[in-house]
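These numbers come from a predicted model, not from an experiment. Atoms considered below: every heavy atom in the structure, side chains included; atoms not considered: hydrogens, waters and symmetry mates.
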Amino acid sequence: MYEAFFGLKEKPFSIQPDPDYMFWSKAHSLAFAMIEYGIMNRAGFTVITGEIGSGKTTLIRHLLNNLGEEVTVGLVSNAYENRGELLHWVLMAFGKPYEEKPLVALHAEFTEFLIEEYAAGRRTILIVDEAQNLGPQTLEELRMLSNINADKDQLLQVILVGQPQLKTLLQRPELVQFAQRIASDFHLRPFNTEETGDYINHRLKLAGAPREIFTKAARDRIAKATGGIPRLINVICDTALVYGFSSGIETIDLDIIEEIIRDKAEHGIFSYDNPPRAEQEPEQRSVYWRQHKVISIE
């Protein structure tokens, strides 16, 4: 719509996670380093938390794109507490049959799968996205699944990815045993003002911008309005480019951003200066990534 007007080759601010647009802030670099550390050292559990839209999913996609063939990955993103289906979700994530079998048989099948992968020289990693939806009982089931070991090696490595509530959940007294198994963890904080500006320019440059499109005042106001949350930054920047295109304005300045904020406050569900947070609106997704492929579940 506006790409040619601003000299862009593609839209720079899609809200879909795109590892090609990964912005390595200090926090994201440290988070990824903790994930890599956990994988290299065969950690039982690695935990990454962050606000909705903070870039957790993009980080995981980058990880999947860079894992070698010696790693088998399964991802579960919509398991919930008290459904008694955790093992079913895990087997599905790894492409293993799970229907019409008793729990004991399923556990034996999963154990055999882990041993076969280990014997073939492959690591097995389970990524649980939206892990804040798991309760103490389900997390305990997950801990028990991870107890399958060979000599001194951990046959199943687990990466938990979730919203801030996951931190609170893991601090509950009944999960002391689980918490002690966490070898590495990191909480993704929002961008500060400088990082927000760098993030905006980074995405514009990757999209082919021939010049600086957002003024510094506009970038600073975006940082304040969004609280430094990448997804919210993408939304307001994309809207700003639409406003600029429709008005024939080639440089996005503070006036355009203020107009968007006023319009959102008057006509939108949420205002930019008071966006929803994780405790207000849990994010729901039904996506599985298995063996480095993305499969959308409608």
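Partner of V47 under the side-chain contact (heavy atoms from CB on, under 4.5 Å) criterion, chosen from V128, D185, V161: D185. Tested against E195 for a side-chain contact (heavy atoms from CB on, under 4.5 Å), the candidates R189, H28, H202 yield a single pass: R189. Tested against F6 for a side-chain contact (heavy atoms from CB on, under 4.5 Å), the candidates L241, T251, L204 yield a single pass: L241. Considering E116, E69, E117, E70 in turn, E117 is the only one that fulfils the salt bridge (charged side-chain N to carboxylate O under 4.0 Å, His left out) rule with R122.
L169 and P136 make their closest contact through CD1-CD, 3.9 Å (heavy atoms, listed as atom of the first residue, atom of the second, distance). Nearest heavy-atom pair across A225 and I261 is CB-CD1, 3.8 Å.
By the 4.0 Å N-to-carboxylate-O rule, R143 lies close enough to E140 to be salt-bridged with it. Ion pairing of K216 with D220 is present here, as a side-chain N (NZ or NE/NH1/NH2) and a carboxylate O approach within less than 4.0 Å. Salt bridge annotation for E258-R221: present, with a cationic side-chain nitrogen under 4.0 angstrom from a carboxylate oxygen. The existence of a salt bridge linking E109 and K101 is confirmed by a sub-4.0 Å separation between a basic side-chain nitrogen and an acidic carboxylate oxygen. A salt bridge is absent between E212 and K205: the closest approach of a Lys/Arg side-chain nitrogen to an acidic carboxylate oxygen does not fall below 4.0 angstrom.
Under a hydrophobic clustering in which Ile, Leu, Val, Met, Phe, Trp and Tyr are joined whenever their side-chain heavy atoms come within less than 4.5 Å, directly or via other members, M144 and L160 fall into different clusters. Placement of I39 and L64 within a single hydrophobic cluster is found when ILVMFWY residues are connected by side-chain heavy-atom separations under 4.5 Å, directly or transitively. Criterion: ILVMFWY side-chain heavy atoms under 4.5 Å apart, direct or through other members. Under it, I15 and F214 are part of a common hydrophobic cluster.
Around CZ of F5, the count of heavy atoms belonging to other residues, nucleotides or ligands within 6.0 Å exceeds 12. Residue E259 qualifies as enclosed at atom CD: its count of foreign heavy atoms under 6.0 Å is above 12.
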Could you please spell out the steps behind the side-chain hydrogen bond (donor to acceptor under 3.5 Å, both in side chains) verdict for N234 and Y199? CA-CA 10 Å; N234 285 4; Y199 172 81; 2.7 Å; yes
Please evaluate residues F45 and F178 with respect to the criterion ring-ring contact (aromatic ring centres under 6.0 Å, His included), reporting the C-alpha separation (whole Å), side-chain torsions for both, the decisive distance (0.1 Å), and the verdict. CA-CA 9 Å; F45 289 90; F178 189 100; 4.5 Å; yes
Stepwise, does the side chain to side chain contact (heavy atoms under 4.5 Å, CB included) test hold for D129 with V76? CA-CA 6 Å; D129 199 7; V76 177; over 6 Å; no
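No hydrogens or angles considered: a donor-acceptor pair under 3.5 Å links the side chains of E10 and Y21.
The backbone N or O of I125 lies less than 3.5 Å from no partner atom in the side chain of Q157, so there is not a single donor-acceptor pair. A distance-only check finds no donor-acceptor pair linking the side chain of E99 to the backbone of P97 [under 3.5 Å]. Between the side chain of K167 and the main chain of G162, no donor-acceptor pair closer than 3.5 Å is present. Side-chain atoms of T226 never come within 3.5 Å of backbone atoms of L232 as a donor-acceptor pair (strictly under, hydrogens ignored). Checked by atom type and distance alone, the side chain of S246 pairs as donor or acceptor with a backbone atom of Y243 at under 3.5 Å.
Remark: aromatic rings of F191 and F23 are close, center separation under 6.0 Å. Between W89 and Y98, the gap from one ring centroid to the other reaches at least 6.0 Å.
Side-chain contact between F13 and V235 is absent, with no heavy atoms from C-beta onward closer than 4.5 Å. Contact of the R181 side chain with the Q154 side chain is registered, since non-hydrogen atoms from C-beta on lie closer than 4.5 Å.
Using cut-offs of 30° and 60° on the angle between ring planes, the pair H62 and W24 is perpendicular.
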